[in-house]
**Student:** 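Okay, here's the structure, questions in a sec.
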2 protein chains.
Amino acid sequence: MRSDSRLSRMLHALIHMDRLAGAATSEVLADMLSTNAVVVRRTMAGLRDQGLVRSEKGHGGGWALARPLDQISLLDIYQALGEPQLFAIGPSTDNPTCLVEQAVNAELGAALATVRGQLLDHFAKVSLGDLARQFDEKLKQGGHLPPHLQGMQRLDGL
Amino acid sequence: MRSDSRLSRMLHALIHMDRLAGAATSEVLADMLSTNAVVVRRTMAGLRDQGLVRSEKGHGGGWALARPLDQISLLDIYQALGEPQLFAIGPSTDNPTCLVEQAVNAELGAALATVRGQLLDHFAKVSLGDLARQFDEKLKQGGHLPPHLQGMQRLDGL
DNA sequence: TATCATGTAACTTATGAAGATTCATGAAAG
DNA sequence: CTTTCATGAATCTTCATAAGTTACATGATA
């Protein structure tokens, strides 16, 4: 099973959007993410519904942040995406009659629930602003600009 | 993405095997797990290669534990299965040139690596014997026997 | 009114576990 | 020695879902 990259992609996209002067079209974001504009709209729709980003049609339209990066946590994004399945492993039957299987499901389910809680707690504590600052660090330490940032305005932090 | 149930199924199967008098054929195990005998052989192959179970051909053949349940941890099984992918989420690109994406991958990767470590630590501490005892508890507390255990010998713990 | 951009439906592709079929191999029973 | 039973393994199909694609409607701006 190929892994779900929606969370990763939205983090990537939103940080870029913060760096851009105006609204970013789905097409531009799709290029940044090496994907398709429809995939961008589809994925971004959840964030819009949760008030994290805004979209505008027509000339000069596109996507823009609805709040500062520091006021958006990784958990906000994860939840806006509909809390996609975290684990690739799971029980074979959800409500087994076999007591052995019930014991297995209980143990495994509890273990997964615990680490899920830990991960989401962490997501709640990390903001997109934190990630953006980590990017700025990388840049200072001799990183080169990616193609889609070269010759761009409002590259704050440089 | 449908989740990978191999770990769950192997835990289930091995506890049953401990309860059975002789060797269990792939067919019998497949019935217990509501699956196919070939799936059982395919999944069990890794456990055999790691010396957790033994298989015998011919009359009276089948699968048997190679060690006591208390000497098999959940981590042993997970590793014998080839350490299947734990998470359903992940990066969209493995080695991105974009520094923003690198920062996102670093943060997300570190968070996932941390909880993975916590989960595997837990798996190392839980043995199949522990799970079997939890099953025995359920049984004492008014549980009924699953169809494939009714009328069976060597139901230790009853 | 022409252009640009989102919104959305519908379809195809890619991936990997799971399921199923088939035959070879080897062990035990008769 | 032959039959039966079981694993071993190759090969194919099925299934679920994110991702990718195509097409068109809707609305905003120049």
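All heavy atoms count here, side chains included; hydrogens, waters and symmetry mates do not. Within every chain, numbering begins at 1; the chains are lettered A, B, ... in the order of the sequence lines, protein sequences first and strands thereafter.
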**Student:** Please report the C-alpha distance between B:Glu101 and A:His16 in whole Å, then the side-chain angles of each, then the deciding distance to 0.1 Å, and finally whether the side chain to side chain donor-acceptor pair (under 3.5 Å) criterion is met.
**Tutor:** CA-CA 10 Å; B:Glu101 193 171 0; A:His16 278 307; over 6 Å; no
**Student:** Mapping A:Glu56 and A:Arg6 to their closest nucleotides on DNA chain D, which lands nearer the 5' end?
**Tutor:**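 It is A:Arg6, whose closest nucleotide lies nearer the 5' terminus.
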**Student:** Mind calculating the distance between CD (A:Glu27) and P (C:dC4) to the nearest angstrom?
**Tutor:**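 In whole Å, C:dC4 P lies 12 Å from A:Glu27 CD.
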**Student:** What residues form a side-chain hydrogen bond (donor to acceptor under 3.5 Å, both in side chains) with A:Glu83, not counting sequence neighbours?
**Tutor:**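 Here the qualifying residues are A:Arg116.
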**Student:** Would one find more than 12 heavy atoms of other residues, nucleotides or ligands at under 6.0 Å from atom CG of B:Asn95?
**Tutor:**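 No.
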**Student:** For the side chain of A:His59, starting at C-beta, report the closest nucleotide among D:dG8, D:dG20, C:dT3.
**Tutor:**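 Looking only at heavy atoms from C-beta outward on A:His59, the closest nucleotide is C:dT3.
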**Student:** Looking at residues 35-51 of chain B, who's got a heavy atom less than 4.0 Å off DNA chain C?
**Tutor:**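 Of all residues in residues 35-51 of chain B, the ones placing a heavy atom under 4.0 Å from DNA chain C are B:Thr35, B:Asn36, B:Val38, B:Val39, B:Arg42.
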**Student:** Using a distance-only test with no angle check, is there a side-chain donor-acceptor pair under 3.5 angstrom linking A:Ser26 and A:Trp63?
**Tutor:**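 A:Ser26 vs A:Trp63: donor-acceptor pair found between side chains.
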**Student:** Do we see a donor-acceptor contact under 3.5 Å between the side chains of A:Ser127 and A:Gln71?
**Tutor:**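 Distance-only check fails for A:Ser127 and A:Gln71.
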**Student:** Under a 3.5 Å cutoff, is there a donor and acceptor pairing between the side chains of A:His12 and B:Gln102?
**Tutor:**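 A:His12 vs B:Gln102: no donor-acceptor pair found between side chains.
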**Student:** Contact class for B:Arg54 (heavy atom, under 4.0 Å): base, sugar-phosphate, or nothing?
**Tutor:**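 Contact class for B:Arg54: none.
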**Student:** Looking across every strand, which nucleic acid part, if any, lies under 4.0 Å from A:Gly62 by heavy atom: base, sugar-phosphate, or nothing?
**Tutor:**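 Touches sugar-phosphate only.
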